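Here's the structure we're looking at; comments come further down.
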Amino acid sequence: MLVTGAGGLVGRAVAEYCTVAGEQVTALDHHQLDITDASSVSATINNARPDVVINCAAWTDVDGCESDPMHAEQANARGPELLALSCRAVDALLITISTDYIFDGAKAGFYTQRDQPNPLSVYGSSKLEGERRAQREWARTIVVRSGYIFGTRGTNFLSTVMTRARRGESLKVIKDMFGTPTYACDLAQRLLRLAQLDLPGTYHVVNSGEGVSFEGFARAAMDLAGISESRLQSVSLAELKRPAPRPLNSRLRCLLSEAIALDPLPNWRDALADFASRESAVRDAVTV
Ligand SMILES: NC(=O)c1ccc[n+]([C@@H]2O[C@H](COP(=O)([O-])OP(=O)(O)OC[C@H]3O[C@@H](n4cnc5c(N)ncnc54)[C@H](OP(=O)(O)O)[C@@H]3O)[C@@H](O)[C@H]2O)c1
């Protein structure tokens, strides 16, 4: 198995989980493989001859993408396309990660595979283009859309909130954006299962449970970690005036996983409790 973007939040979790599960993993970070470099992608996949490639590489700076659409297109659309072409050449399964930001957020309920994507941002458009190009170039492609990902590796919304709260800094949390949180470890486990099943298609992979706002999610995390919530300042997305528009609702549900009777991932509140205990163990180890 070959994992790209292995220095990121999801890439690290995937490489770690699959290695512990007994897979032979070649984990390549951005420096080791730039997925926009056609000759490197082709040579790497040709030499490694993996049975599966899990693409965790992407340019995930949503506001950055808004001001540099060319870079976004290269990393998020051209990259998956090149990986698909190289996977096709060696008959490897490609799993590429996509995002809930391909939806516009106008729907009241959970987004399923029956809902039409309509990205609001350059980031969302580039990721949707990546899905389409990968699926067009190689039939053995699995697209996994996820959202609100948190984990003990890398920087993410939750780790930033908790670090800043512990330092006593006040922070703004968005009250009107709703999603389905996803624990990177649970995502990694499901990615390996999907690799074993080898059933091409588009999957939505998130923890189970009701949707939650960023604010509700942050408050639940701080409650579990025993940190005072008093420094959280509730704001609307509009008040933050961020460069890139974002969907106010991007809760996901997977009709395909239900149809093939895959067990739902754990409830995000249980996943959050696991995250909080691991995160405090890591912090204690660092401060001792
Ligand atoms: N985090 C979330 O909440 C979330 C939600 C929905 C979907 N996703 C998707 O999940 C996947 C993984 O994201 P993540 O959260 O793990 O983000 P991340 O922590 O930013 O990791 C992405 C990694 O990709 C690398 N990368 C960027 N451009 C690359 C290129 N051209 N070639 C090779 N590597 C490159 C980055 O390296 P550098 O930092 O060195 O550039 C980074 O290590 C992405 O497809 C993302 O769109 C994430």
Side-chain angles (χ1 to χ4, degrees), residues 1-6 8 10-28 33 35 41-58 76-77 79-100 102 111-114 117 127-147 149 182-208 252-266:
M1 170 187 295
L2 190 145
V3 178
T4 62
V10 175
R12 287 204 230 180
V14 170
E16 195 172 291
Y17 179 83
C18 292
T19 302
V20 171
E23 293 290 318
Q24 273 213 321
V25 179
T26 303
L28 303 176
L33 178 65
I35 62 163
V41 168
S42 165
T44 302
I45 292 182
N46 245 314
N47 291 338
R49 301 250 152 200
D51 50 354
V52 185
V53 173
I54 303 186
N55 176 34
C56 304
N76 298 339
E81 180 181 17
L82 290 173
L83 289 167
L85 288 164
S86 289
C87 283
R88 180 174 167 180
V90 299
D91 193 22
L93 170 67
L94 172 64
I95 301 183
T96 189
I97 322 266
S98 191
T99 172
D100 51 344
I102 58 139
Y111 280 94
T112 74
Q113 289 91 339
R114 289 193 188 123
K127 294 290 296 179
L128 181 61
E129 183 64 17
E131 291 185 8
R132 290 181 171 161
R133 289 198 206 171
Q135 287 176 321
R136 185 188 65 207
E137 296 305 338
W138 181 217
R140 258 183 98 194
T141 293
I142 292 176
V143 169
V144 168
R145 296 176 182 150
S146 189
I149 303 175
T182 312
Y183 193 21
C185 309
D186 292 329
L187 173 59
Q189 185 173 6
R190 179 50 51 91
L191 289 170
L192 181 56
R193 184 79 188 106
L194 291 175
Q196 290 159 345
L197 288 170
D198 195 0
L199 288 171
T202 301
Y203 295 78
H204 291 178
V205 176
V206 295
N207 280 111
S208 55
L252 300 180
R253 177 184 156 198
C254 192
L255 298 177
L256 206 46
S257 305
E258 291 168 17
I260 60 173
L262 284 173
D263 287 337
L265 296 189

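All values reported here derive from a predicted model rather than from experimental measurement.
- Considering all non-hydrogen atoms of both residues, I142 and P200 come closest at CG1-CA, 3.8 Å.
- Here the OG1 atom belonging to T44 is positioned 12.5 Å from the CZ atom belonging to R49, to the nearest 0.5 angstrom.
- Put simply, CD on E137 and CG on L94 are 11.5 Å apart, with the number rounded to the nearest 0.5 Å.
- Between the side chain of Q113 and the backbone N or O of L255, at least one donor-acceptor pair lies under 3.5 Å.
- The shortest side-chain heavy-atom distance between V3 and C56 falls under the 4.5 Å cut-off.
- Using a 4.5 Å heavy-atom cutoff, the side chains of L28 and L2 are in contact.
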Test side-chain contact (heavy atoms from CB on, under 4.5 Å) applied to M1 and T26, step by step: CA-CA 6 Å; M1 170 187 295; T26 303; over 6 Å; no
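- Considering only heavy atoms from C-beta on, L83 comes within 4.5 Å of I35 through its side chain.
- Contact check for T99 versus L128: no side-chain heavy atoms found under the 4.5 Å cut-off.
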Using atom types as modelled, flag every donor-acceptor pair under 3.5 Å from a side chain in residues 256-265 to any protein atom, sequence neighbours excluded.
unit_1: E258; atom_1: OE1; unit_2: R253; atom_2: NE; d: 3.4
unit_1: E258; atom_1: OE1; unit_2: R253; atom_2: NH2; d: 2.8
unit_1: E258; atom_1: OE2; unit_2: R253; atom_2: NE; d: 3.0

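- Minimum interatomic distance between V206 and G147 (heavy atoms only, all atoms of both residues): CG1-N, 4.2 Å.
- To the nearest 0.5 angstrom, I102 atom CD1 is 4.5 Å from E131 atom CD.
- Nearest heavy atom pair, residue A92 against residue P50, reads CB-O, 3.2 Å.
- The two residues L191 and V144 come nearest to each other via the heavy atoms CD2-CG2, 3.7 Å.
- Inter-residue side-chain proximity for L192 and E23 is flagged as met; some heavy-atom pair is nearer than 4.5 Å.
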H204/S146 under side-chain contact (heavy atoms from CB on, under 4.5 Å): CA gap, chis, key distance, verdict: CA-CA 6 Å; H204 291 178; S146 189; over 6 Å; no
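- A donor-acceptor contact closer than 3.5 angstrom links the side chains of T4 and N55.
- What you find for W138 and A84 is that their closest heavy atoms are CB-O, 3.6 Å.
- None of K127, R133, R132 except one satisfies the salt bridge (charged side-chain N to carboxylate O under 4.0 Å, His left out) rule with E129; the exception is R133.
- At a threshold of 4.5 Å between non-hydrogen side-chain atoms, the residues D198 and R140 count as touching.
- Although no hydrogens or angles enter the test, the distance criterion places no donor-acceptor pair under 3.5 Å between the side chain of R190 and the main chain of L187.
- Q135 and T202 are linked by a side-chain donor-acceptor pair at a separation below 3.5 angstrom, with hydrogens and angles left out of the test.
- Looking only at side-chain heavy atoms (C-beta outward), I149 and V10 come within less than 4.5 Å of each other.
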Verdict with supporting geometry, L194 and V205, side-chain contact (heavy atoms from CB on, under 4.5 Å): CA-CA 10 Å; L194 291 175; V205 176; 4.3 Å; yes
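- When side chains are defined from C-beta on, I95 does not count as touching V53, because their heavy atoms never get closer than 4.5 Å.
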Derivation and outcome, side-chain contact (heavy atoms from CB on, under 4.5 Å), residues Q189 and Y17: CA-CA 7 Å; Q189 185 173 6; Y17 179 83; 3.2 Å; yes
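- In terms of heavy-atom proximity, G130 sits nearest to P80 at O-CB, 3.8 Å.
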